Amino acid sequence: MNTKAQGPVFPAPVKCYNNIIAQKKVIMKSKKEVEDIELAGCLVKRSINIFVAPSGSGKSLISFCLAWKETKENNFKTTFYLDLDNPIDLYKDRYINFEELDNLIYISTWDIMNIFTEYTGTNPKEKALNILKDLSNDSEVNNTLIVIDCLQAFCDYNDLKELRNFFEICRKLTQLGSTILIIHHKSSKTEAPSFKGLSYIKDSADTMWDVVPNKSRSGIVMSAKLVNTKARSTTGYTNFIVSFDTDRGTVSYDQNVLFEDELPIKDAIINFLTTNPNSNQGNIIQAIKPLTNIGEKRIRVVLEKLVGLHELTVTKGHKNAKVYNIASENTAE
C-alpha cells in the first residue's frame, strides 16, 4: 500500500486561450450587431457628451436649448434635465417662453429635496446620485437624454473614487441606451487649483466640446460655437453652431458646419431623396458613390450629420435598415 503523502490538489487549469478562440464567432457577431452611430444635433447618442467652458459662458442655456430642440424633434423619447447648479427661478426667467414639452422634465434642487422624498440623502447631491443609480437599473431609460448640470455639483474632483463611481453610473446608463450630456465648469489656472480628476474626466468622456459664446454688445448670449476637443467617433462635427431666441423660444442650427468636400455629397443626397423618397442607406450610397471620390464610410457620416442638423429624417425599415427622407420643413421650402 502506497502511504506516500499526497501534495495539494489543484483544479485542472482553465483552457482560457482555446476558450477565447472558440468564442470568436460570438464575439464578432456582437460587434456587427452594435447599433450605428446616431447624432442628435451635435450629441452622439448612447454616449457621454461633455460641454466645457468658464462660468458665465452660457453653458446651461445652450445645453437646455439643444436638449429642448432634440426632444421636440423626437430624437429622444424623454429628457431629464437635472439642475443642481442654478436657482429655482432660473427656469421662469430664462426658459418660460419655450414650448412646454410633456417629455422634457426639468428638475431643480428644490424638486429633488421636496418632491423626490423617497430617495435617501441629506442634500441634493446625494439624492440626485441615488436617482441616477435607480435610472441605471431601469431599462425604460432607453432613448432618454439625461442632462447633468453640473459635474461639480455631483463630484469632488479630488475624490477619484467618487468621480469613478459617478462615471460608472453614466456608462451603465449609456449601455442601456441613454445619452448623457454633462456640463463642466472650466476654471482658469488663476481661479482654481489643479484638480487630480481633470484628466480622468477627459478620459471618461466619449465626446467633449468647448463652448464659445457669441455675445451681443449688452452681454447677452445669442448663439454659441461648440468646438470639438475629443471624439471617439469619426461621425461627428468639428464645430457646431447653435442659435436661440429666449424671447420667442426658438432654437436653430447653422447648416454651414460640414467640411467643404462634404457639401457636394449633401447636395447629391438631397437631390437623390427628392426623387427617391424612403430610400435605405445602401441605395443612397450606391447612387452617390459614382458622383464622388469619397468612400462609403464618409457618405454614411454625411447622412448622419444631415440627420443631426434635421435636414433629413431617418426611420427603421425592413430588417432594421435605415430609411431616409428629406425633413418636411425643408420639403415645404
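Not measured: the values here are computed from a predicted model.
One distance of note links CD of Q286 with CD of Q281; it measures 11.0 Å at 0.5 Å rounding. Residue L303 holds its CG atom at 6.5 Å from CG of L312, rounded to the nearest 0.5 Å. The structure places CG of L135 at 11.0 Å from CD of E140, a figure rounded to the nearest 0.5 Å. Taking CD1 of I326 as the reference point, atom OG1 of T313 lies at 9.0 Å (rounded to 0.5 Å). With rounding to the nearest 0.5 angstrom, the CE atom of M222 is 13.5 Å from the NZ atom of K215.
At a threshold of 4.0 Å, the pair K45-E70 does not count as salt-bridged, since none of the basic side-chain nitrogens sits closer than that to a carboxylate oxygen. A salt bridge does not link K305 to E311: none of the charged nitrogens lies less than 4.0 Å from a carboxylate oxygen. Salt bridge annotation for R171-D206: present, with a cationic side-chain nitrogen under 4.0 angstrom from a carboxylate oxygen. A salt bridge between D36 and R300 is absent, with no side-chain N of the basic residue lying under 4.0 Å from a carboxylate O of the acidic one.
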Determine, step by step, whether W209 and Y237 satisfy the side chain to side chain contact (heavy atoms under 4.5 Å, CB included) criterion, reporting the C-alpha distance in whole Å, the side-chain angles of both residues, the deciding distance to 0.1 Å, and the verdict.
-> CA-CA 10 Å; W209 299 87; Y237 308 88; 4.0 Å; yes

Salt bridge (Lys or Arg N to Asp or Glu O under 4.0 Å) evaluation trace for K266 with E262 = CA-CA 6 Å; K266 170 191 170 181; E262 292 175 336; over 6 Å; no

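Put simply, the side chain of Y324 reaches to within 4.5 Å of the side chain of V307, judged on heavy atoms. Residues N75 and L43 form no side-chain contact, since every pair of their non-hydrogen atoms from C-beta on lies 4.5 Å or further apart. Contact annotation: the side chain of T229 never approaches that of V52 to less than 4.5 Å [non-hydrogen atoms, C-beta and beyond]. Taking 4.5 Å as the limit, some side-chain heavy atom of F51 sits within range of a side-chain heavy atom of C42. When side chains are defined from C-beta on, F244 counts as touching I62, because their heavy atoms get closer than 4.5 Å.
For E168, there are no salt bridge (charged side-chain N to carboxylate O under 4.0 Å, His left out) partners two or more places apart in sequence or in a different chain. Residues that satisfy the salt bridge (charged side-chain N to carboxylate O under 4.0 Å, His left out) test with E118, not counting sequence neighbours, are absent from this structure. Partners of D254 according to the salt bridge (charged side-chain N to carboxylate O under 4.0 Å, His left out) rule, which considers only residues two or more places apart in sequence or in another chain, do not exist here. With sequence neighbours left out, E126 forms a salt bridge (charged side-chain N to carboxylate O under 4.0 Å, His left out) with no residue at all. Qualifying ring pair (Phe, Tyr, Trp, His ring centres under 6.0 Å) partners for F116, counting only residues two or more places apart in sequence or in other chains: none.
Within 6.0 Å of CG in N293 there are 12 or fewer heavy atoms belonging to other residues, nucleotides or ligands. Annotation for K125: atom NZ counts as buried by contact number, over 12 foreign heavy atoms lying within 6.0 Å.
No side-chain donor-acceptor contact under 3.5 Å links T174 to the backbone of T179. No donor-acceptor pair closer than 3.5 Å links the side chain of N19 to the backbone N or O of K15. Here the side chain of S136 pairs no donor or acceptor atom with the backbone of I169 at under 3.5 angstrom. Under the 3.5 Å distance criterion, the side-chain polar atoms of T292 are left unmatched by any main-chain donor or acceptor of K289. A donor-acceptor pair under 3.5 Å is absent between the side-chain atoms of N276 and the main chain of S279, judged by distance alone. Between the side chain of N228 and the backbone N or O of M208 there is at least one donor-acceptor pair closer than 3.5 Å. A distance-only check finds no donor-acceptor pair linking the side chain of K59 to the backbone of D210 [under 3.5 Å]. For E73 (side chain) and H310 (main-chain N/O), no donor-acceptor pair under 3.5 Å exists by modelled atom type.
Tested against F240 for a side-chain contact (heavy atoms from CB on, under 4.5 Å), the candidates L309, V227, L39 yield a single pass: L309. With L173 as the fixed residue, the side-chain contact (heavy atoms from CB on, under 4.5 Å) test singles out one of N137, N142, I146: I146. Of the listed residues (Y81, Y91, W68), just one forms a ring pair (Phe, Tyr, Trp, His ring centres under 6.0 Å) with F98, and that residue is W68.
There is a side-chain donor-acceptor pair under 3.5 Å between S223 and N214. Side chains of N130 and T120: a donor-acceptor N/O pair is present below 3.5 angstrom, by distance only.
Annotation: side-chain hydrogen bond (donor to acceptor under 3.5 Å, both in side chains) contacts involving residues 97-116, sequence neighbours excluded, comprise K72-E99, D83-Y106, S108-D111.
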